[in-house]
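Both ligands and their constituent atoms are indexed starting at 1 by order of listing. Scope of the values below: all heavy atoms of this structure, side chains included, with no hydrogens, waters or symmetry mates. Bear in mind the structure is a predicted one, so any value in this text is a computation, not a measurement.
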Amino acid sequence: MYEHDVIVVGAGGAGLRAAIEAHEEGADVALVTKLHPVRSHTGAAEGGINAALHEKDSWDLHAYDTMKGSDYLGDAPAIDAFAKEARHEVIQLEHWGMPFSREEDGTVSQRPFGGLSHPRTTYAGAETGHHLLHTMYEQVVKRGIEVYDEWFVTRLAVTDESNPSDRTCHGCVAYEIATGELSGFYARDGVILATGGLGQAFDHTTNAIACTGDGQAMAYRAGAPMEDMEFVQFHPTTLPSTGVLISEGVRGEGGILYNDNEERLMYEYGYANNDGELASRDVVSRAELTEVNEGRGIEDEYVHLDMRHLGEERIIDRLENILHLAEDFEGVDGLDEPMPVKPGQHYQMGGTEVDEYGHSCVDGLYAVGECACYSLHGANRLGGNALPELLVFGARAGRHAAGAVEEEPEIPTGPGAKSDDWDEESPAELGAVDATDPIAADGGAVATPQEVLEQAVETERERVETLMERDGINHADVRAKVQKTMTENVNVFREESNLKQALKDIREAREEYQNVAVADPSRTYNTDLIHTIETRNVIDVAEAIALGALARKEFRGAHWRKQYQERRDDEYLKHTLYAWNGGNPELYYKPVILEGHEEKYEPKVRSY
Ligand SMILES: Cc1cc2nc3c(=O)[nH]c(=O)nc-3n(C[C@H](O)[C@H](O)[C@H](O)COP(=O)(O)OP(=O)(O)OC[C@H]3O[C@@H](n4cnc5c(N)ncnc54)[C@H](O)[C@@H]3O)c2cc1C
C-alpha cells in the first residue's frame, strides 16, 4: 500500500495544477496517472487560454460572456471565481516559463474567440496545451512531487453509509500497467480526480483513446452524482475522416466557413448575423449540419473552412500546426485549398457534481478539470475557457484538499441539494444494476480507513481475476455498439425516438458487458484488460448523457430537441443530477444559482 496526504488521479492540466497547489500548501502529494503526464490529452489543446488581461477588458465581462455562453445554466459562484482568478493563473504560467505568443512590443498576444466580447485568448502558437503541460510538469519535477505514471486507477475506496453525504473517501485502487500489480493508495486528506473527458462514448470525437470517463464513472459508483451530462459540446471544425480538431484559432484569426455553393453560410442564411464564424460553438455546429441536411453540404457531409486569405506568413506564425494536421490527416494543403470540416464530439460540459472548490458530496473526494461539473460551462462551454478552468479549479481543489481553505462553499452538492418540487417520474425505464456483482458494482464497508482500502483492493482483485479467467465476449463490440448509437442518436440534433433508441442500445450493451472476458493472459501491458475496464465506464457515462437528454424537454445551449424549440426557464432553470443510488440509478434536479457575491445574472435571449 502507498500512502500520501493527497492523491491526485490524472496528470493533465487539472491534475498537475492541483498537485502543485497542494504541495505549495505543505501536503505530501502524489500523482497517479494511466498516461505519462505530458501524454495527457491537454497536450492536444490548440487554440488558447482565456483571461481578462487587457486594460480595456475586465473579469466581469469575462464572467458575463461565460454565463451567456452557458445559456444561463452556469452557477454564479463558480463563474465569478473563475473569471477573477484566471488572470492570476495565466500570469503565473507566464512566470513559470510558458512560451506565450507575443506582440511586437513584447506583451502576450490575445486573439478573438467565439462568444467573447473582447479578444482575451492567450496562446502559444497552435500548440497551447502542449506548452502548458510541459510548463507545469517542470514545476512538478522541480518540487519533487511523486508521480506514479502508467498506473490505472480502477476504483475508489469509500465507506458504505447509505447517504453518500455521510461517506468518506480514503483512497483508490490502481493497477500498474507494466507489472499487473494491484495496489491500494491511501489518501490521508483527499483524492482529487482529474481524469479528463469521455469522448470515447462517441465514434467521431476529437478526444484521444484514453478519454473514457473513468473519473466520472468511478465517482458515480462511489456516490457522487454526475451533473448536466446531457450537455455535450460538438466542435464545428473537426476533420471528417478522423475527428482531429482544427482549432477555433483559425476562425479567430479570420478563417471563413463556406457551403457547397461557396456561400459564406453563417451570414448568407442568418445563423449569426453579428458574429458570423465566431458565434458560440453550438450555434456554428447546428449551422453546418443544417447546411448539410438542406443539401448545401459538400459530399453530403461537410463544409469548407478557408484560411488562404490570411496569407502564408501569418498562417505559419500563428497556425502552423493546423497546416500539418490538414496535410497529414486529410491530404489537404491549407495554404492552397480550403479544409473540409464537420462537427464532432469535443467536450463534456457535465461531470462529477462538485462545489466551487472541486469538492463532491463524499468527504475527501474531489473532481477538477473536464471530469468535473462545478457548473462553470452550463449548457455550452466557450472556446478557450477549459484551460483556465484547469488552472483555477485545480488550484482551488489542491488548496482545499491540503486543508488551506476556510470559506464555506456556496454551491450545494449531494442528495440534500435536490429541488423540493421534484416529483416527476424518470422518463425511461433504466433497470437496476446488480450491486452484488463484483464486475458491475462498487462496494466498501467496515471500520478503519485502511480496512476500507484493503477491502476495495480485494474486491478489485476478484473483479480482475474474474475477467481474466472466464470465457466470454470481447469488450470491443460492446463499446462499438455504445459509440455508434451515441453518434447516431445523441448528437447535435436530438429527437425523442432517437434518445429512447440510444437508451435501449446502452441497456443492451450493459447486459452484454456482464459476459465480457479478457483473452490476453499477460500480466504486463495488458491493454485488453485496461480497455475492458474502461468500457464499463463508457457505458455508465453514455447512459447518463442519453437519459439527461431525454428528460430535458427544452432547447438550451448545446442541447437541441426537435419537439421543444425554446429555452424554458420557467421549467428548466435547473441542473440534472444522475445518482448511482446503490445500483438503482436515479435522476433528479437542483436549482441553478444566478446570484454571486458581486453579480446577479438575468437570463436573456442568447444571440450572436
Ligand atoms: C483537440 C482538443 C483541443 C482543445 N483545445 C482547447 C483550447 O485551445 N482551449 C481550451 O480552453 N480548451 C481546449 N480543449 C479542451 C481542454 O483541452 C480539455 O478540456 C482539458 O485539457 C482537459 O484537461 P484535464 O486535465 O481535465 O484532462 P486530461 O488532460 O485529459 O488529463 C487526464 C489525465 O487523467 C489520467 N487518467 C484518466 N483516467 C485515469 C485512470 N483511470 N487512472 C489514472 N489516470 C487516469 C490521464 O492519464 C491524464 O493524465 C481542447 C480539447 C481537445 C480534445
Undergrad: Only pairs under 3.5 Å count here: list side-chain donor-acceptor contacts from residues 386-393, not counting sequence neighbours, and write none if there are none.
TA:
unit_1, atom_1, unit_2, atom_2, d
Glu389, OE1, Tyr347, OH, 2.9
Glu389, OE1, His377, NE2, 2.4
Glu389, OE2, Tyr374, OH, 2.9

Undergrad: Using the test ring pair (Phe, Tyr, Trp, His ring centres under 6.0 Å), find all partners of His130 that sit at least two apart in sequence or belong to another chain.
TA: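 His130 satisfies ring pair (Phe, Tyr, Trp, His ring centres under 6.0 Å) with His134 once adjacent residues are dropped.
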Undergrad: Show, in sequence, the C-alpha distance, side-chain angles and deciding distance for Glu94 and Arg102, and conclude whether the salt bridge (charged side-chain N to carboxylate O under 4.0 Å, His left out) test is met.
TA: CA-CA 11 Å; Glu94 209 265 341; Arg102 291 174 186 277; 2.4 Å; yes
Undergrad: I'd like to know if the side chain of His204 pairs up with that of Thr238 as donor and acceptor (distance under 3.5 Å, no hydrogens or angles considered).
TA: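 His204 vs Thr238: donor-acceptor pair found between side chains.
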Undergrad: With sequence neighbours left out, which residue pairs that include part of residues 177-188 fulfil the salt bridge (charged side-chain N to carboxylate O under 4.0 Å, His left out) condition?
TA: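 Sorted result for residues 177-188: Glu3-Arg188, Asp5-Arg188, Asp28-Arg188.
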Undergrad: Could you tell me whether Glu89 and Lys84 have a side-chain N and a carboxylate O separated by less than 4.0 Å?
TA: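 No, no charged N to carboxylate O under 4.0 Å.
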Undergrad: Can you pull the residues with any heavy atom under 4.0 Å from ligand 1?
TA: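 Contacting ligand 1 under 4.0 Å are Val9, Gly10, Ala11, Gly12, Gly13, Ala14, Val32, Thr33, Lys34, Leu35, Ser40, His41, Thr42, Ala44, Ala45, Glu46, Gly47, Gly48, Trp151, Phe152, Val153, Ala194, Thr195, Gly196, Thr206, Asn207, Asp214, Leu245, His346, Tyr347, Gly369, Glu370, Arg381, Gly384, Asn385, Ala386, Leu387, Leu390.
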